[in-house]
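Reading through the structure tokens given below for one structure.
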Amino acid sequence: MERTLIKDLPAKIGESVKIQGWLHTLRDQKSMQFLILRDKTGQAQVAHWKKGNLELAELVSTIGTESALTVYGKVVENPIVKLGGLEVQLENLAIENNAELPLPFEPFSDNLPEQDFRMDWRYLDLRRERNRLIFEIQTTAEQAMRDYWIEHGFIEMHSPKIMGAPSESGAELFSLGYFETTAYLAQSPQFYKQMAMAAGFEGVFEIGPVFRADPSFTSRHMTEFTGVDMEMSWVESHEDVMAFLENWLAYTYTKVKEVHDAQIKATFDVDLVVPKVPFPRMKMAEAYEILKSIGYKLPPERKGDLDPGAERALGAYVKEKFDNDYVFVTDWPFTVRPFYHMVHEDNRLLTKSFDLLGKGLEITTGAQREHRYEVLKDQALEKGLTLEPIQNYLNYFRYGCPPHGGFGFGLSRFLMVMLDLPNIREAVYLFRGPNRLQP
RNA sequence: GGGGGCGUGGUGUAGUGGUCGAACAUGCGGCCCUGUCAAGGCCGAGAUCGCGGGUUCAAAUCCCGUCGCUCCCGCCA
């Protein structure tokens with residue numbers, strides 16, 4: 001017998017069906033049993049008159065919450081039933097896998113186990129409908145991102161995650177034994193996507209894992225996360241990259257809103273608003289003026305950088321003043337940027353770079369890259385780097401590499417911002433952090 | 001790496017020197033129950049209060065250490 005999805009039951013009234021799912025709750029009474037069965041499309045009530053089949057009634061009584069069941073029965077209309085006005089009258093049932101749960105389940109969401117405990121039992125935590133929804137939304141978002149890139153002639157790439165040398169300074173690297181030598185896990189596809197520019201691909205994107213050996217204990221950091229990266233050639237400045245990014249992101253919001261608007265409102269109490277394009281832009285110097293005007297005090301040692309508090313303050317300011325969740329902060333000092341960011345012709349202290357803040361959280365860093373070999377080499381030296389380990393990278397820029405730029409974007413941080421999730425651990429399938437390698 | 005907070009039955013909490021023989025909710029087991037719908041009622045099992053040391057007549061409660069978790073900062077996406 002073919003399985004019927006719970007959402008399709010209204011079309012099957014009067015028919016015998018097979019439905020499959022998890023036992024959401026069981027109400028076991030003197031003469032009747034009510035099973036609420038849940039599949040990924042919804043919930044339905046299964047009713048059973050015990051005296052009709054005492055053996056079956058006894059079996060039903062043994063089923064634990066969240067057991068996996070196959071249920072056979074007849075669909076009947078019944079206005080008394082609050083759940084959809086119909087029920088399945090139980091005829092037979094198979095317990096595929098009985099459960100005894102280590103944690104309380106929904107609908108008891110007001111005393112949800114604490115986060116770390118739920119991480120231990122993530123495969124059960126993920127059964128909650130709101131958690132599955134997060135990954136349905138992520139799927140829609142990634143599809144939209146890809147569609148937009150492909151529409152614009154971009155090539156999808158998959159760069160190696162095992163590397164022989166660090167890709168950029170700054171973030172700490174994980175090292176691993178590699179036969180007789182040492183290799184590193186990629187902390188960014190940066191060098192490889194630039195290589196694609198030298199290779200003449202003109203536009204590339206990659207959605208893939210990124211590894212950072214930073215012992216960061218915050219609600220927004222992971223040691224492994226999904227990086228969303230792109231790089232495009234023949235740009236005139238970082239403005240071209242920002243213009244692409246904001247349209248790409250607005251398109252992604254539009255698609256997510258089309259598919260999930262009502263669910264997002266119902267589940268996360270978020271009114272999804274497609275951000276207005278163009279996003280507000282402010283140079284770092286202007287950001288400092290704004291922070292000064294609203295009384296936010298940056299520690300003096302920041303010197304042209306922002307701290308998380310300043311980013312939140314700017315996000316709130318932009319929301320208030322421009323009614324936008326997003327803002328570009330541009331023209332960061334060379335001192336706080338990697339050596340490959342291009343500097344302004346008229347002010348070599350500032351880079352043609354940007355960060356994108358969403359609701360005051362940094363979700364993207366991008367820039368026009370320095371594509372002139374001699375200039376790039378000088379900038380590396382200025383940063384105190386040794387040329388030898390990066391010589392292979394520098395060589396990309398000796399044989400006709402076009403001007404180019406791009407960005408890196410954090411997928412889970414984006415979901416956090418879009419759905420107002422309080423912690424990145426709620427936005428990722430399996431969290432990886434300094435103290436979390438399981439499950 | 002630095003700083004703050006928290007660790008009490010399976011889970012979530014209350015209790016912050018003696019009335020604690022540790023409470024409440026939920027989950028679990030049993031019994032009862034005109035079709036329930038976050039069902040309800042009754043009964044029961046389940047915690048040496050993270051661990052070690054100390055102060056005190058008396059410690060879940062105060063102090064020290066330690067481990068774990070968590071948030072913030074640093075760093076970043």
Side-chain angles (χ1 to χ4, degrees), chain A residues 24-36 43-50 61-62 64-66 76 78-87 89 99-121 124-125 168-172 187-190 207-229 299 301-302 305-312 336-338 355-358 361-366 407-417 422-425 427-428 433-436:
Chain A
H24 199 69
T25 55
L26 170 64
R27 292 189 274 275
D28 197 350
Q29 300 183 82
K30 171 91 168 175
S31 57
M32 291 205 64
Q33 295 168 318
F34 298 98
L35 301 84
I36 305 303
Q43 299 176 13
Q45 174 163 296
V46 178
H48 184 229
W49 279 265
K50 288 165 90 167
S61 293
T62 68
T65 305
E66 286 302 305
V76 297
N78 188 347
I80 265 181
V81 181
K82 292 182 182 173
L83 199 57
L86 59 78
E87 67 187 3
Q89 295 179 337
E100 189 175 336
L101 287 189
L103 73 173
F105 212 71
E106 292 216 303
F108 307 103
S109 50
D110 52 342
N111 65 330
L112 215 53
E114 49 172 65
Q115 183 178 272
D116 188 55
F117 184 83
R118 287 187 289 114
M119 293 298 118
D120 286 340
W121 297 93
L124 296 179
D125 190 43
E168 46 183 302
S169 59
E172 297 286 327
Q187 88 230 73
S188 155
Q190 182 61 35
I207 301 177
V210 174
F211 305 91
R212 305 270 167 98
D214 289 313
S216 298
F217 300 93
T218 77
S219 57
R220 61 190 185 278
H221 285 87
M222 300 188 276
T223 49
E224 175 179 353
F225 63 92
T226 301
V228 178
D229 273 84
E301 67 272 16
R302 299 301 301 194
D305 205 351
L306 296 174
D307 64 19
E311 290 175 345
R312 287 190 289 270
V336 301
R337 288 287 168 163
D355 272 15
L356 178 64
L357 309 182
L361 178 65
E362 183 179 336
I363 64 169
T364 303
T365 296
F407 65 79
F409 171 100
L411 184 61
S412 299
R413 282 195 179 179
F414 168 62
L415 285 167
M416 267 178 91
V417 168
N423 194 304
I424 203 159
R425 289 159 193 151
V428 68
N435 297 325
R436 172 63 72 175

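Since we're looking at a predicted model, the values are computed, not measured. Note on naming: letters A, B, ... go to the chains in the order of the sequence lines (proteins, then strands), and numbering restarts at 1 for each one.
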Which part of the nucleic acid, if any, lies within reach of [X] when heavy atoms closer than 4.0 Å are counted: base, sugar-phosphate only, or nothing?
{"X": "A:N423", "answer": "sugar-phosphate"}
{"X": "A:G408", "answer": "sugar-phosphate"}
{"X": "A:V81", "answer": "base"}
{"X": "A:S219", "answer": "sugar-phosphate"}
{"X": "A:F217", "answer": "base"}
{"X": "A:D355", "answer": "nothing"}

Check the distance between [N]'s [atom2] and [X]'s [atom1] and give it to me in whole angstrom.
{"X": "A:D28", "N": "B:C37", "atom1": "CG", "atom2": "C1'", "value": "14 Å"}
{"X": "A:L356", "N": "B:A77", "atom1": "CG", "atom2": "C1'", "value": "11 Å"}
{"X": "A:E66", "N": "B:G10", "atom1": "CD", "atom2": "C1'", "value": "16 Å"}
{"X": "A:E311", "N": "B:C72", "atom1": "CD", "atom2": "C1'", "value": "14 Å"}
{"X": "A:Q187", "N": "B:C76", "atom1": "CD", "atom2": "P", "value": "11 Å"}
{"X": "A:L361", "N": "B:C71", "atom1": "CG", "atom2": "P", "value": "14 Å"}
{"X": "A:F117", "N": "B:G27", "atom1": "CZ", "atom2": "C1'", "value": "11 Å"}
{"X": "A:W121", "N": "B:U11", "atom1": "CH2", "atom2": "P", "value": "10 Å"}

Main-chain N/O of A:D28 paired with A:K50 side-chain donor or acceptor, under 3.5 Å:
no
**Asked** Hey, does the side chain of A:T218 reach the backbone of A:R220 with a donor-acceptor pair shorter than 3.5 angstrom?
**Response**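 Yes, A:T218 side chain to A:R220 backbone: donor-acceptor pair under 3.5 Å.
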Spacing of the [atom1] atoms in [M] and [N] (rounded, Å):
{"N": "B:U8", "M": "B:C62", "atom1": "P", "value": "15 Å"}
{"N": "B:G15", "M": "B:C24", "atom1": "C1'", "value": "11 Å"}
{"N": "B:G65", "M": "B:G7", "atom1": "C1'", "value": "16 Å"}
{"N": "B:G46", "M": "B:U56", "atom1": "C1'", "value": "32 Å"}
{"N": "B:G30", "M": "B:G68", "atom1": "C1'", "value": "37 Å"}
{"N": "B:G53", "M": "B:U61", "atom1": "P", "value": "14 Å"}
{"N": "B:G17", "M": "B:A59", "atom1": "P", "value": "14 Å"}
{"N": "B:G1", "M": "B:G40", "atom1": "P", "value": "49 Å"}

Between A:K50 and A:E362, the residue closer to the 5' end of RNA chain B by nearest nucleotide is A:K50
Contact nearer the 5' end of RNA chain B, comparing A:L26 with A:P308
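Mapping each residue to its closest nucleotide by heavy atoms, the 5'-most match is A:L26.
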Self-check item: A:H24 side chain near A:E66 side chain, heavy-atom distance below 4.5 Å
Solution: yes
| Taking the side chain as C-beta and beyond, is there a heavy-atom pair between A:E362 and A:L357 under 4.5 Å? |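 A:E362 vs A:L357: side chains touch.
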Query raised in the report: With no angle test and no hydrogens, is the base of B:G35 tied to the side chain of A:Q29 by a donor-acceptor pair under 3.5 Å?
Result: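 Side chain to base: no pair present.
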Review point. With distance as the sole criterion, do the side chain of A:T218 and the base of B:C71 form a donor-acceptor contact below 3.5 Å?
Key: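 A donor-acceptor contact between them is absent.
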Report yes if a side-chain nitrogen or oxygen of [X] is closer than 4.0 Å to either non-bridging phosphate oxygen (OP1 or OP2) of [N]; otherwise report no.
{"X": "A:T65", "N": "B:C28", "result": "yes"}
{"X": "A:K82", "N": "B:C37", "result": "no"}
{"X": "A:S31", "N": "B:G35", "result": "yes"}
{"X": "A:T365", "N": "B:A77", "result": "yes"}

To the side chain of [X], which of [options] is closest?
{"X": "A:R312", "options": "B:C28, B:C76, B:C72", "value": "B:C72"}
{"X": "A:Q45", "options": "B:A77, B:U36, B:C73", "value": "B:U36"}
{"X": "A:W49", "options": "B:C75, B:U11, B:G35", "value": "B:G35"}
{"X": "A:R413", "options": "B:G35, B:A77, B:C71", "value": "B:A77"}
{"X": "A:F225", "options": "B:U11, B:A77, B:G35", "value": "B:A77"}
{"X": "A:I80", "options": "B:G74, B:C76, B:G35", "value": "B:G35"}

Under the side chain to side chain contact (heavy atoms under 4.5 Å, CB included) rule, what do A:Q89 and A:H48 come out as? Steps first, then yes or no, please. CA-CA 6 Å; A:Q89 295 179 337; A:H48 184 229; over 6 Å; no
Can you measure from [atom1] ([X]) to [atom2] ([Y]) and round to the nearest 0.5 angstrom?
{"X": "A:R118", "Y": "A:L124", "atom1": "CZ", "atom2": "CG", "answer": "12.0 Å"}
{"X": "A:M222", "Y": "A:D214", "atom1": "CE", "atom2": "CG", "answer": "13.0 Å"}
{"X": "A:L356", "Y": "A:L361", "atom1": "CG", "atom2": "CG", "answer": "10.0 Å"}
{"X": "A:T364", "Y": "A:F414", "atom1": "OG1", "atom2": "CZ", "answer": "9.5 Å"}
{"X": "A:F407", "Y": "A:T365", "atom1": "CZ", "atom2": "OG1", "answer": "11.0 Å"}
{"X": "A:R413", "Y": "A:I424", "atom1": "CZ", "atom2": "CD1", "answer": "6.0 Å"}

Could you list all N or O pairs between the protein and nucleotides 65-69 of chain B that sit under 3.5 Å apart?
from  : atom 1 : to     : atom 2 : distance (Å)
B:C69 : O3'    : A:D116 : OD1    : 3.4

RNA chain B in dot-bracket form (Watson-Crick or G-U pairs under 3.5 Å, [ ] crossing, | inter-strand) is ((((((((.[[[[.)..(....]]]].(((((.......))))).....[[[[[..)....]]]]])))))))....
| said: Under 4.0 Å between a side-chain nitrogen and a carboxylate oxygen: does that hold for A:D307 and A:R312? | reply: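 No, A:D307 and A:R312 are not salt-bridged.
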query: Between A:D116 and A:R425, does at least one N-O distance fall below 4.0 Å, as a salt bridge requires?
result: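 No salt bridge links A:D116 with A:R425.
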